[in-house]
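What follows is a set of notes on a single structure, which appears directly below.
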Number of protein chains: 2
Amino acid sequence: MRKKIIIVEDNQDVQEAFKLLIETKTNDYSVINTYDNCEDALSNLKTDLPEIVLMDIDLPGMNGIEGTRQIRQTLPKTDILIISVHENSQYVFDALCAGATGYITKNSNHTQLLKALDEVSAGGAPMSTHIAKLVVKSFRRESESPLTGRETDVLNLLAEGKSYMDIADQISVSKDTVKFHIKNIYLKLQVSNKIEAVTKAKSEGFI
Amino acid sequence: MRKKIIIVEDNQDVQEAFKLLIETKTNDYSVINTYDNCEDALSNLKTDLPEIVLMDIDLPGMNGIEGTRQIRQTLPKTDILIISVHENSQYVFDALCAGATGYITKNSNHTQLLKALDEVSAGGAPMSTHIAKLVVKSFRRESESPLTGRETDVLNLLAEGKSYMDIADQISVSKDTVKFHIKNIYLKLQVSNKIEAVTKAKSEGFI
DNA sequence: TGTTGTACTACCCATAAGGGTAGTTTTAAT
DNA sequence: ATTAAAACTACCCTTATGGGTAGTACAACA
């Protein structure tokens, strides 16, 4: 049984090219419908019941990221493979957060596209070289912290929801010392309470 | 010019197998040294100057994740490819956060390993099928929230570092009402302070 | 019609948190 | 040896927080 694919892509040529490619070069997939916007794709979703969606991002009306979100709400088990020109990190992250299974760039060649489909079928998450790098990079935290080692320790405990007293016990100093460190942390991060400090430190990668 | 590789792996057989594989099956790489622990690898790092490090995680002494962190501090441009038996998400994320370029599992076959090396060389981030899925999944947030609309509003403001009073003004209710909502939030999330509530809600995707 | 869930208000109380100020001791660098 | 940064302690004071208890109002639902 061939896996059912729908394509959401507003460029007719690209749409045709994908369809032709999939229909002629493999026996594992079948393009059952193509759409040039998310709205149409969504309204036929329950009759199409695709197993894989090839989704563009730049679309008239609803964009592909919002489309991805909505398709996943209706068909949570359907894999959505984004095929986009954007290599911009925000697009990539938004798409993945919206529930995309993989993200490959439009300049991928035919072999890579078909390989991506196979990877999706195998339960994988195909990503173009550059995209995978972006994603992995997002796990890294560099940027040197303005906080001293002690302050970082204190902030980490604060981030766990510990009280001043808890922290004092844990690092074996007095409560006033903890307070002292926290005051300095607030100064350095330009904040005035625990939540802001933790949020800022996390976003800057200090903790 | 062949790319210089070092292998950090405590199992002699595996170490030998990798080395043999790389030396016989490709002309693009050369294993210039093998180590069975991070400490030795680190002390020779500046003379080895490897372009790629194949790194195990379970090692005597310093583990591969800490090793990755330290190697990246000395040689930020060196790619570190983790080869591990662990498919546990924490290990994967820790490794990527520590600066690993890719993460493949030990049950990968020879072809996959060599392909991973090529991907690293091409600036990519090779990951085993299952690993890539884990990583992509980490971008998703699902699970419907147990919080009511009002509680979610309050929690969002709390997450911005606002005080009870600030929140009360913002949503035009009394301070006691805010307090009331927060008490219910704590109950539902099973926490007892702002930081824990915000942290938990964020991790569960409620806010 | 009664029940349930959500939103809301109010008051009490103890402790935590935040801000100011004033110092001492360690440690590492010049 | 001197200096500066980091780590630490202590006390003052005000406000914020969290926990308990006790209600009212309103809408949806059975």
Side-chain angles (χ1 to χ4, degrees), chain A residues 141-207, chain B residues 42-43 46 69-70 73-74 142-207:
Chain A
R141 46 185 60 162
E142 18 228 326
S143 78
E144 67 311 348
S145 171
L147 306 178
T148 66
R150 202 51 152 182
E151 285 162 356
T152 307
D153 294 342
V154 170
L155 191 50
N156 271 305
L157 291 166
L158 209 56
E160 290 172 23
K162 302 275 173 67
S163 70
Y164 290 8
M165 208 49 228
D166 290 342
I167 297 173
D169 288 346
Q170 192 124 2
I171 64 174
S172 303
V173 298
S174 75
K175 191 172 80 173
D176 280 311
T177 298
V178 172
K179 222 163 159 180
F180 165 85
H181 288 308
I182 288 176
K183 275 187 273 200
N184 286 327
I185 291 169
Y186 289 174
L187 254 180
K188 289 182 180 175
L189 301 187
Q190 287 290 292
V191 297
S192 60
N193 63 53
K194 296 198 279 191
I195 297 257
E196 285 177 350
V198 169
T199 306
K200 185 147 192 177
K202 276 184 180 167
S203 80
E204 306 272 338
F206 301 156
I207 58 171
Chain B
L42 279 165
S43 55
K46 286 186 178 164
R69 208 184 319 275
Q70 301 210 10
Q73 279 179 4
T74 313
E142 27 221 324
S143 80
E144 67 314 344
S145 171
L147 305 177
T148 67
R150 202 53 154 182
E151 286 161 356
T152 307
D153 294 342
V154 171
L155 192 50
N156 271 305
L157 291 166
L158 209 56
E160 290 172 22
K162 302 278 173 65
S163 70
Y164 290 7
M165 208 49 227
D166 291 342
I167 298 173
D169 289 345
Q170 191 125 3
I171 64 174
S172 302
V173 298
S174 74
K175 190 171 84 173
D176 280 311
T177 298
V178 171
K179 219 163 162 182
F180 166 85
H181 288 308
I182 289 177
K183 275 186 272 200
N184 285 328
I185 291 169
Y186 290 175
L187 254 179
K188 289 182 180 175
L189 301 187
Q190 288 288 296
V191 298
S192 59
N193 63 54
K194 296 200 279 192
I195 295 258
E196 284 178 351
V198 169
T199 306
K200 186 148 191 176
K202 278 185 179 166
S203 80
E204 306 271 341
F206 301 155
I207 59 171

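Every chain is numbered from 1, with letters handed out A, B, ... down the list of sequences.
Between the P atom of D:dA6 and the CD atom of A:Glu151 lies a distance of 8 Å, rounded to the nearest Å. If you take CG of B:Asp153 and C1' of C:dC8, they are 14 Å apart, rounded to a whole angstrom. For A:Asp166 and C:dT15, the CG to P distance is 15 Å, given to the nearest whole Å. Atom CG in B:Leu187 sits about 13 Å away from atom P in C:dT6, given to the nearest Å. When the P atom of C:dT15 is taken as reference, atom CD1 of A:Ile167 falls 19 Å away, rounded to whole Å. Atom CG in A:Leu147 sits roughly 15 Å away from atom C1' in D:dA5 (whole-Å rounding).
The phosphate of D:dA7 has neither OP1 nor OP2 within less than 4.0 Å of any side-chain N or O from A:His181. Not one side-chain nitrogen or oxygen of A:Thr177 sits closer than 4.0 Å to the OP1 or OP2 atom of D:dC8.
Side chains of B:Ile185 and B:Leu158 form no contact here, defined as non-hydrogen atoms less than 4.5 Å apart. Here the side chains of A:Arg150 and A:Ile171 are in contact, with some heavy-atom distance below 4.5 Å.
For the atom pair B:Ile182 CD1 and B:Leu189 CG, the distance stands at 11.5 Å (nearest 0.5 Å). Between A:Leu157 atom CG and A:Asp166 atom CG the span is 9.0 Å, to the nearest 0.5 Å.
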Per-nucleotide protein contact string for nucleotides 12-30 of chain D (B base, S sugar-phosphate only, - none; heavy atom under 4.0 Å): B----SBBBB---------

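Backbone-only engagement by A:Thr148 is indicated by non-hydrogen atom pairs under 4.0 Å involving sugar-phosphate atoms exclusively.
When atom types are taken as modelled, the side chain of A:Tyr186 and the backbone of A:Lys194 share a donor-acceptor pair closer than 3.5 angstrom.
Minimum heavy-atom separation, A:Asn193 to B:Gly161: ND2-O, 2.7 Å.
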